[in-house]
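Owing to the predicted nature of the structure, the values given are computational and were not obtained by experimental measurement. Numbered from 1 within each chain, the chains take letters A, B, ... in sequence-line order.
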2 protein chains.
Amino acid sequence: MIRFESPKVTADVVLFSIYNDNLQMLLVKRKNPPFRGQWALPGGFLERKESLLAAARRELFEETGVRHLYLEQLYTFGDPGRDPRGRVVTVAYFALVPSPLSVSAGSDAREAKWWPAGGLPKLAFDHKRIIECALTRLRAKLEYTNVAWSLLPKKFALTDLQKVYELVSGKELDKRNFRKKILSLGLLRPLKERRTGAHQRPARLYAFKTKKKVELKRFFK
Amino acid sequence: MIRFESPKVTADVVLFSIYNDNLQMLLVKRKNPPFRGQWALPGGFLERKESLLAAARRELFEETGVRHLYLEQLYTFGDPGRDPRGRVVTVAYFALVPSPLSVSAGSDAREAKWWPAGGLPKLAFDHKRIIECALTRLRAKLEYTNVAWSLLPKKFALTDLQKVYELVSGKELDKRNFRKKILSLGLLRPLKERRTGAHQRPARLYAFKTKKKVELKRFFK
DNA sequence: ACAAAAGTGTTCGATATACACCCATGT
DNA sequence: ACATGGGTGTATATCGAACACTTTTGT
């Protein structure tokens with residue numbers, strides 16, 4: 001059954017968030033070789049009796065302190081030579097958090113930092129490719145699911161939701177058409193609260209009726 | 001770096017085809033424990049210096065003799081306990097061939113057999129779950145890509161193509177609307193040939209202008 | 001009063017759906 | 001002649017895209 005030394009298996013996570021008018025992703029600085037000092041995706045080796053999803057969740061928690069978020073399997077990368085230490089198969093995950101402010105240092109004490117999707121540093125391993133894959137997936141899912149809603153807090157204005165779509169897709173949307181469509185889905189509950197305090201008319205706040213994943217044919221564009 | 005004995009990695013393939021008015025999939029009978037005598041997906045262990053895709057392609061060739069087909073990564077299954085021999089992480093692939101007639105015995109000499117998607121036998125490991133995942137993917141891709149065209153030979157009648165859509169989706173389609181839409185995509189080339197010999201009016205044959213994968217928003221239904 | 005974002009409807013073109021009959025062949 | 005699947009067009013409903021002005025607040 002065993003034909004050669006088995007590959008190692010890691011779970012790595014591409015974690016997205018939105019702040020500062022930018023789609024951002026979390027990277028950690030490597031403390032050990034290979035690629036010491038370079039930025040990489042948070043992740044690490046699968047532990048005994050641990051599912052792949054659990055490994056991704058654990059690694060993310062260790063790096064960021066975040067426990068509750070949207071997390072789904074992305075793709076598996078296993079080309080020989082992608083890790084100089086030997087054969088490593090990486091199961092990549094794709095994650096969304098509402099706000100990077102909720103991300104603490106993490107117990108791993110590695111340096112972690114948010115980077116705008118448009119200005120990433122040089123990355124270790126084949127992590128650039130993994131991130132491109134995650135971006136493609138995020139953009140695709142924007143169009144036919146409501147996953148992108150996981151980038152928002154519990155209460156938000158319609159403008160915030162529109163901003164998420166615009167930042168991820170890179171396209172501007174018409175405010176009237178956007179509101180018409182999003183409200184027609186019947187998945188939002190208008191709250192009595194408004195967001196006040198800005199130098200402008202206060203925005204009505206909304207909440208999702210469900211945080212469940214919904215597949216919607218022809219969602220946006 | 002090594003915290004415990006590494007998992008083994010396999011590549012397994014869900015191979016679809018259409019014949020006999022059914023969506024069918026290829027299974028092999030296991031010759032060794034565990035699950036000896038039960039039906040399972042073709043697949044096997046990753047070899048040294050072999051990419052995941054190459055492993056899937058190799059396993060499929062060994063079992064079926066098929067070399068050229070549509071092949072894409074599906075999902076990775078790694079729950080502890082899914083293989084009684086120990087920790088096994090399986091990268092599942094998803095494949096389409098035009099006609100099961102082109103599938104020979106394969107050098108592995110394992111018993112291989114096509115089964116209709118609606119009437120599968122009891123399966124080894126968690127392969128039932130993997131197949132469900134593949135079916136979901138196939139049905140989803142039907143709607144926004146042209147991958148399903150890989151289930152057809154070089155020359156085919158429009159009715160054949162419609163049949164593919166109907167068998168995979170399980171829904172009947174209107175002949176006139178189907179033809180209008182499929183031809184409006186401009187991806188088919190009408191041939192001068194017709195399919196003759198049946199007890200009916202001969203059908204015009206068509207060929208794909210490209211076998212390349214095309215993403216089409218709102219493709220069918 | 002002014003700046004800044006919130007909020008709101010209608011028109012038009014494109015696309016999807018529903019639907020029924022004649023045609024060409026083999027026996 | 002008849003059985004079998006091949007082939008074709010139109011009318012209606014639905015959806016997406018384009019488009020501009022008034023409202024409410026804080027300073």
Side-chain angles (χ1 to χ4, degrees), chain A residues 18 20-21 142-146 152-153 155-167 169-207 214-221, chain B residues 18-21 142-144 146 152-153 155-167 169-207 214-221:
Chain A
I18 284 182
N20 240 353
D21 251 27
L142 202 67
E143 292 184 6
Y144 65 95
T145 74
N146 63 342
L152 287 180
K155 299 171 181 184
F156 54 89
L158 291 187
T159 317
D160 302 334
L161 187 51
Q162 183 175 345
K163 201 79 196 222
V164 170
Y165 277 87
E166 290 180 336
L167 285 174
S169 71
K171 288 177 234 162
E172 290 208 344
L173 298 172
D174 180 87
K175 207 195 330 184
R176 285 164 293 184
N177 291 342
F178 180 84
R179 284 161 183 249
K180 209 186 312 168
K181 210 159 166 186
I182 210 92
L183 290 174
S184 76
L185 296 172
L187 299 172
L188 295 185
R189 196 177 62 244
L191 304 175
K192 288 187 178 161
E193 276 173 272
R194 286 153 188 284
R195 175 188 298 157
T196 182
H199 302 197
Q200 68 233 191
R201 176 170 176 177
R204 154 144 280 127
L205 295 180
Y206 289 78
V214 180
E215 298 267 332
L216 304 157
K217 291 313 152 197
R218 300 178 227 124
F219 190 39
F220 268 97
K221 263 263 188 36
Chain B
I18 283 181
Y19 79 112
N20 237 355
D21 250 28
L142 201 66
E143 292 183 5
Y144 65 95
N146 63 344
L152 286 180
K155 300 171 182 183
F156 55 89
L158 291 187
T159 318
D160 302 334
L161 187 51
Q162 184 175 344
K163 202 77 195 226
V164 170
Y165 279 87
E166 291 180 333
L167 285 174
S169 70
K171 289 178 233 158
E172 290 208 344
L173 299 172
D174 180 85
K175 208 196 326 186
R176 284 163 294 184
N177 292 342
F178 180 85
R179 284 162 184 248
K180 210 186 309 168
K181 210 159 164 188
I182 210 90
L183 290 174
S184 77
L185 296 172
L187 299 172
L188 295 186
R189 196 176 63 244
L191 305 176
K192 290 189 177 161
E193 276 173 272
R194 290 155 187 278
R195 175 188 297 158
T196 182
H199 302 196
Q200 71 232 194
R201 177 169 172 176
R204 153 142 283 127
L205 295 179
Y206 289 79
V214 180
E215 298 267 331
L216 303 158
K217 293 309 152 200
R218 303 180 225 123
F219 189 39
F220 268 97
K221 260 266 192 27

Measure [atom1]/[X] against [atom2]/[N] and give the value in whole Å, please.
| X | N | atom1 | atom2 | value |
| --- | --- | --- | --- | --- |
| A:Glu193 | C:dA6 | CD | C1' | 17 Å |
| B:Arg176 | D:dG5 | CZ | P | 18 Å |
| B:Leu173 | C:dA18 | CG | P | 11 Å |
| B:Arg204 | C:dA24 | CZ | P | 12 Å |
| A:Glu172 | D:dC19 | CD | C1' | 15 Å |
| B:Arg195 | C:dC23 | CZ | C1' | 18 Å |
| B:Phe178 | C:dC19 | CZ | C1' | 18 Å |
| B:Lys181 | C:dT15 | NZ | C1' | 9 Å |

Which heavy atom of [X] sits nearest a heavy atom of [Y], and at what distance?
| X | Y | result |
| --- | --- | --- |
| B:Arg204 | B:Pro190 | CD-CB, 4.1 Å |
| A:Glu193 | A:Lys155 | OE1-NZ, 2.5 Å |
| A:Leu205 | A:Ala157 | CD2-N, 3.8 Å |
| A:Ile18 | A:Leu167 | CG2-CD1, 3.8 Å |

Side chain to side chain, [X] and [Y], heavy atoms closer than 4.5 Å:
| X | Y | answer |
| --- | --- | --- |
| B:Tyr206 | B:Asp160 | no |
| B:Lys163 | B:Leu173 | no |
| B:Thr159 | B:Arg179 | yes |
| A:Leu158 | A:Leu188 | yes |

- Query: Do any of residues 155-163 of chain B sit with a heavy atom less than 4.0 Å from DNA chain D, and if so which?
  - Reply: B:Thr159
- When all nucleic acid strands are considered with a 4.0 Å heavy-atom cut-off, which category describes B:Arg179: base, sugar-phosphate, or nothing? base
- Contact state string [nucleotides 21-27 of chain D, B base, S sugar-phosphate only, - no protein heavy atom under 4.0 Å]: --BBBSS
- Can you check whether A:Phe156's main-chain N or O pairs, donor with acceptor, with A:Arg195's side chain at less than 3.5 Å? no
- Note on the structure: 5'-most contact on DNA chain C (nearest-nucleotide basis), A:Lys180 vs A:Leu205, goes to A:Leu205
